Amino acid sequence: MSRNVPEKPSLDGLESKWIARWEAGGTYRFDRSVARDGVYAIDTPPPTVSGSLHIGHVFSYTHTDTIARFQRMRGREVFYPMGWDDNGLPTERRVQNYFGVRCDPSLSYDPGFQPPPEPPRQPVSVSRPNFVELCHRLTADDEKAFEDLWRHLGLSVDWTMTYATIDEGSQRASQRGFLRLLARGLAYSSEAPTLWDVDFQTAVAQAELDDREQPGAYVRVRFGGPDGQPVEIDTTRPELLPACVALVTHPDDPRYRHLVGSTVTTPLFGEPVPVKAHELADPEKGTGIAMICTFGDVTDVVWWRELGLPVRSVIERDGRIRDAAPVSFRGGNGQDHWQELRGKTVKQARERITELLRQSGDLVGEPRPITHAVKYYEKGNRPLEIVTSRQWFIRTLEHTDDFLRRGEELAWHPPYMRARYESWVQGLNSDWLISRQRFFGVPFPLWYPVAEEGSVDYDHPLVPDESRLPVDPSTDVPDGYDPEARDRPGGFTGDPDVMDTWATSSLTPQIAGRWGDDPDLFGRVFPMDLRPQAHEIIRTWLFSTVVRSHFEHDRLPWGHAAISGWVVDPDRKKMSKSKGNVVTPMGLLEQYGTDAVRYWAASGRPGVDTVLDEGQMRVGRRLAIKVLNASRFVLSLGSDGGAADGGQVTAALDRAVLGRLADLVDTATTAFEGYDYARALEHTEALFWSFCNDYLELVKGRAYGGQGEEAAASANRALTLALSSLLRLFAPFLPFVTEEVWSGWQEGSVHRAPWPDADERRAAAAGPADALVLEVAAAVLGEIRKAKTAARTSMRADVARVVVRDRADRLVALTSAVADVREAGRVADLATEEADTFS
RNA sequence: GGGCCGUUGGCGCAGUUGGUAGCGCACUUGCAUGACGCGCAAGGGGUCGGGGGUUCGAGUCCCUCACGGCCCACCA
């Protein structure tokens with residue numbers, strides 16, 4: 001066996017060298033001839049390509065890659081595709097800012113359109129097809145940047161399996177999945193109050209809400225009571241007074257019981273509204289009696305629905321007070337007051353109406369500033385409003401018990417992450433809203449009949465055959481209709497909405513496995529083995545994927561979920577954008593080397609937030625260099641001691657080191673099987689350092705031939721076996737340096753080599769391994785070193801005589817390695833004395 | 001309001017059936033040895049957040065409190 005040992009070991013250039021060779025050699029190519037039970041399939045998180053590249057990506061994707069590499073070496077054929085999440089609002093927003101354009105769906109396509117060279121102050125209006133073109137153009141660049149990073153990070157993905165959430169396969173899967181839910185009555189459309197973002201002009205789902213603390217003010221308002229006595233209520237939304245449809249109090253509240261069933265009148269508008277009782281009214285809040293408006297918050301929606309109240313909406317989809325009053329107000333000045341509010345933003349209207357109340361004398365005291373939580377769209381920057389609109393939903397609410405059961409079936413790593421899933425499922429309060437009034441997304445594959453009198457029949461959608469998918473209802477025509485019939489009485493109209501990005505990414509296992517398009521592949525990879533992801537999207541991505549797989553396949557989409565933590569800055573805050581821009585992932589990879597950065601990432605325990613620590617990267621770099629140097633030393637000893645022809649390890653010390661290695665293999669294997677890559681690394685690293693500092697030093701002289709040929713052969717054979725095992729144990733973490741060493745010595749890639757087998761290590765020894773031999777020999781050598789340090793002499797200094805006092809069993813162990821200890825310590829004479837304690 | 005996680009030397013962490021506290025960084029001192037000065041060797045430094053309990057014995061189990069972080073909740 002040839003041994004190419006680099007003369008001047010260096011980590012520089014390893015990345016580009018091996019990235020190219022792995023690609024050329026198809027090292028990570030998925031072999032689709034393997035049956036399902038031989039496959040290990042990973043449902044890779046498709047990164048949002050319009051977002052920033054940050055160190056958090058490097059962190060969590062490294063974790064998954066270590067698992068992928070371990071499983072590959074264990075003999076599983078690893079299905080490890082990459083996906084790009086380019087669908088949806090983040091891309092639209094980035095395109096708007098980057099090119100300075102705005103989508104206007106009423107415009108028609110301009111084939112010659114070019115975006116302005118610099119984004120103008122006033123955005124240019126473009127048609128929807130032009131806008132979508134720009135989205136594709138920009139995401140192509142973004143995807144290239146991500147791919148460069150992933151390749152540089154050494155992710156062992158099969159790049160021939162890459163998908164994008166807006167590509168044709170994803171559109172087909174999304175539409176097919178939707179149509180099947182529709183056919184089974186699990187998807188439905190409904191006109192109902194929905195959370196609405198006034199800036200993005202789209203409906204928003206429960207899973208995308210953020211609570212944000214912000215300043216507000218309680219305004220105490222006087223309503224006209226039935227007996228002439230005023231009724232005072234507190235509100236933070238006085239601008240919704242014209243939308244008030246009732247007052248509500250708790251049924252058991254003695255203060256207001258006499259009012260329930262009576263009618264009061266609103267200030268300024270003089271509108272009569274009933275007083276109702278409901279359990280959700282909190283006697284502790286405000287005055288204990290509240291106004292119900294359509295709609296100020298989700299509690300209003302509950303009250304409105306359960307108490308059977310009318311709708312008086314006042315806020316338009318753009319967040320302004322509508323032009324026409326919701327009713328003709330009966331109070332004398334009602335219409336005049338409305339004129340003061342119409343067209344104003346919510347904020348302007350709030351200020352104005354407070355002033356009007358003050359003037360009319362219906363304001364009690366002054367507004368009292370408070371800080372309260374307000375619901376926002378997680379990507380938005382104005383509070384959500386609630387508007388009534390037609391939307392598509394998936395029936396999740398009545399199946400929560402099924403989803404909880406699926407959560408129990410799933411193996412969570414770490415296990416406590418299951419609690420987040422359960423609390424989310426238990427807290428569900430509405431069905432899953434999947435439609436968005438946006439442009440860059442998968443269209444709903446539906447049209448609706450238009451009646452002769454012009455009304456749209458939403459209850460009987462026109463559905464395409466699955467073989468037609470994907471369809472775009474804005475250009476494609478339903479079967480049996482003429483294109484001329486579009487938007488005409490007696491004709492049809494296309495559904496204008498697109499699916500939310502989660503409606504597509506909830507199908508990533510199906511998309512990656514080419515469900516419906518390639519049944520052979522799908523059968524080999526589904527259900528998958530692993531879903532790796534971050535904890536903040538358990539309620540979105542993880543939950544929704546479980547939902548879709550449960551409905552479509554009646555099973556979990558994968559057996560394991562590995563939840564990674566975040567990268568945090570030294571102040572324990574999630575890495576900020578500004579920080580992320582200073583420390584770029586590619587910069588770190590270039591500065592410390594990929595293996596070093598991976599070492600830092602792999603040191604972060606599963607699920608645990610981890611500090612960005614360049615110190616750990618330096619340690620990783622040193623480890624990689626140490627691997628290179630130790631390997632160089634072992635291989636430069638020349639002979640492999642007959643490893644190739646079955647020679648045996650005879651020296652007790654050598655057998656001991658193989659025993660330690662066998663134990664390590666057991667520990668690392670168990671850790672990896674439990675998805676604890678960090679534990680596997682920690683133990684491998686610890687043994688490696690003691691291997692270098694103790695065992696290597698102890699056998700160095702013997703390996704050079706200081707005790708004869710046979711003794712040298714045993715040492716060399718043990719060193720070779722140990723190195724082979726250690727390189728393979730490190731390979732999932734340090735893929736570049738291990739491959740560099742392996743390639744100069746072994747056939748094929750270390751990443752396709754079999755994972756070390758503990759029994760194989762044990763069998764190589766000619767006799768039983770006595771761990772005590774190595775332990776005592778290292779301890780005695782340590783004492784000799786201590787004495788030399790105390791004497792301030794070189795480690796190379798000769799020692800005339802050493803006396804070891806220790807327990808009898810330990811002295812016996814020492815005997816079999818005494819020649820190595822003497823040679824390593826340069827001891828002329830070594831004597832032993834039995835004693836109770838070591839000294 | 002409910003829940004989850006964390007609190008171990010200056011910093012970052014390990015400690016998986018309870019048995020007299022470990023690792024790395026940093027720090028101190030020494031060493032040019034035939035793999036490595038991006039090295040090697042030695043060393044100083046902690047009453048394991050507070051309190052209570054179980055036990056012969058608790059960082060490790062139970063209760064409780066505090067602090068930090070996160071998740072969830074119909075927060076007028």
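What you see is a predicted model, and the numbers here were worked out from it, not measured in a lab. The sequence lines fix the lettering, A, B, ..., with proteins before strands; numbering per chain opens at 1.
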- request: Looking at every strand, decide which applies to A:G615 at a 4.0 Å heavy-atom threshold: base, sugar-phosphate, or nothing.
  value: nothing

- request: Mind checking A:R618 for me? I need base, sugar-phosphate or nothing, with any heavy atom below 4.0 Å counting as a touch.
  value: nothing

statement: The nucleotide from B:G15, B:A76, B:A35 with an atom nearest the side chain of A:R605 is B:G15

- request: May I ask you to decide whether A:D654 forms a salt bridge with A:R702, counting only side-chain N to carboxylate O separations under 4.0 Å?
  value: yes

task: Would you mind classifying the nucleic acid contact of A:E685 as base, sugar-phosphate or nothing, using non-hydrogen atoms under 4.0 angstrom?
output: nothing

statement: Quick note, A:Q206 side chain, CB onward, closest among B:A76, B:A42, B:A73 is B:A73

Test: A:R660 and A:E775 ion pair at under 4.0 Å: no

query: Distance check: side-chain N/O of A:R420 vs OP1/OP2 of B:C72, anything under 4.0 Å?
result: no

- prompt: Of all the nucleotides listed (B:A42, B:C31, B:A35), which has the minimum atom distance to the side chain of A:L696?
  reply: B:A35

Sugar-phosphate, base or nothing in reach of A:W304, heavy atoms under 4.0 Å: nothing

task: Please state the P separation for the pair B:G51 and B:G9 - nearest whole angstrom.
output: 16 Å

- prompt: For A:L726 and B:C36, what is the distance between atoms CG and P respectively, to the nearest whole Å?
  reply: 19 Å

- prompt: For A:D210 and B:A73, what is the distance between atoms CG and P respectively, to the nearest whole Å?
  reply: 11 Å

- request: Examine the side chains of A:Q533 and A:R531 and answer whether a donor and an acceptor come within less than 3.5 Å of each other.
  value: yes

message: Roughly how many Å apart are B:G69 and B:G45, using the P atom of each and rounding to a whole number?
response: 34 Å

Of A:F688, A:Y677, A:F672, the residue whose pairing with A:F733 passes ring pair (Phe, Tyr, Trp, His ring centres under 6.0 Å): A:F672

query: When the ring centroid of A:W196 is compared with that of A:Y377, is the distance short of 6.0 Å?
result: no

- prompt: Which whole number of Å gives the distance between the P atom of B:C5 and that of B:C11?
  reply: 25 Å

task: Sticking with atom P, work out how far B:A73 lies from B:C67, rounded to a whole angstrom.
output: 25 Å

message: Under 3.5 Å for both donor-acceptor distances, Watson-Crick or wobble: does B:C31 have a partner, and if so which one?
response: B:G39

- prompt: P atom, B:G30 versus B:G18: distance in rounded Å?
  reply: 46 Å

- request: Determine the contact category for A:A797: base if any of its heavy atoms lies under 4.0 Å from a base atom, sugar-phosphate if only primed atoms, P, OP1 or OP2 are that close, otherwise nothing.
  value: nothing

message: Which nucleotide wins on minimum distance to the side chain of A:L280, given the candidates B:C74, B:A35, B:A76?
response: B:C74

- request: Please report, rounded to the nearest Å, how far the C1' atom of B:C70 is from the CG atom of A:D609.
  value: 8 Å

task: Taking the side chain as every heavy atom from C-beta outward, state whether A:S724 and A:W745 have any atom pair closer than 4.5 Å.
output: yes

statement: Picking from B:U33, B:C25, B:C74, the nucleotide nearest the side-chain atoms of A:N429 would be B:C74

- request: Could you check which of B:A35, B:A41, B:A76 has an atom nearest any side-chain atom of A:T789?
  value: B:A41

Output field: ring centroids A:Y421/A:W412 closer than 6.0 Å: yes

- prompt: Reckon A:K285 touches a base, only the sugar-phosphate, or nothing at all at heavy-atom distances under 4.0 Å?
  reply: base

query: Which value, in whole Å, describes the distance between the P atoms of nucleotides B:C61 and B:G2?
result: 24 Å

message: So if I take every side-chain heavy atom of A:R792 and compare against B:A14, B:U29, B:A76, which nucleotide ends up nearest?
response: B:U29

message: Quick test of your reading of the model: are A:R368 and A:E366 salt-bridged, counting only N-O distances below 4.0 Å?
response: no

- line: When rounded to whole Å, the CE to C1' distance for the pair A:M617 and B:G24 reads 15 Å

- request: Choose from B:A76, B:C75, B:G24 the nucleotide whose nearest atom is closest to any side-chain atom of A:D211.
  value: B:C75

field: Nearest-angstrom distance, P atom, B:A41 to B:G68
entry: 43 Å

- prompt: So what does A:D297 touch, heavy atoms closer than 4.0 Å: a base, only the sugar-phosphate, or nothing?
  reply: sugar-phosphate

message: Using the P atom as the point on both nucleotides, what is the distance between B:C65 and B:A26, in whole Å?
response: 42 Å

query: Base, sugar-phosphate alone, or nothing: which one does A:K375 contact when heavy atoms must sit under 4.0 Å apart?
result: base

field: A:W566 side-chain proximity, nearest of B:C70, B:C74, B:A76
entry: B:C70

task: May I ask you to say what A:N693 touches in the nucleic acid, namely base, sugar-phosphate or nothing, with a heavy-atom cut-off under 4.0 Å?
output: sugar-phosphate

query: Which is true for A:V619 with a 4.0 Å heavy-atom rule: it touches a base, it touches only sugar-phosphate, or it touches nothing?
result: sugar-phosphate

query: Any side-chain N or O of A:K788 under 4.0 Å from OP1/OP2 of B:C31?
result: no

- prompt: When you measure from the side chain of A:T235, which nucleotide among B:A41, B:C13, B:A76 comes out closest?
  reply: B:A76

- request: Would you indicate what A:C692 reaches in the nucleic acid, counting non-hydrogen atoms under 4.0 angstrom: base, sugar-phosphate, or nothing?
  value: base

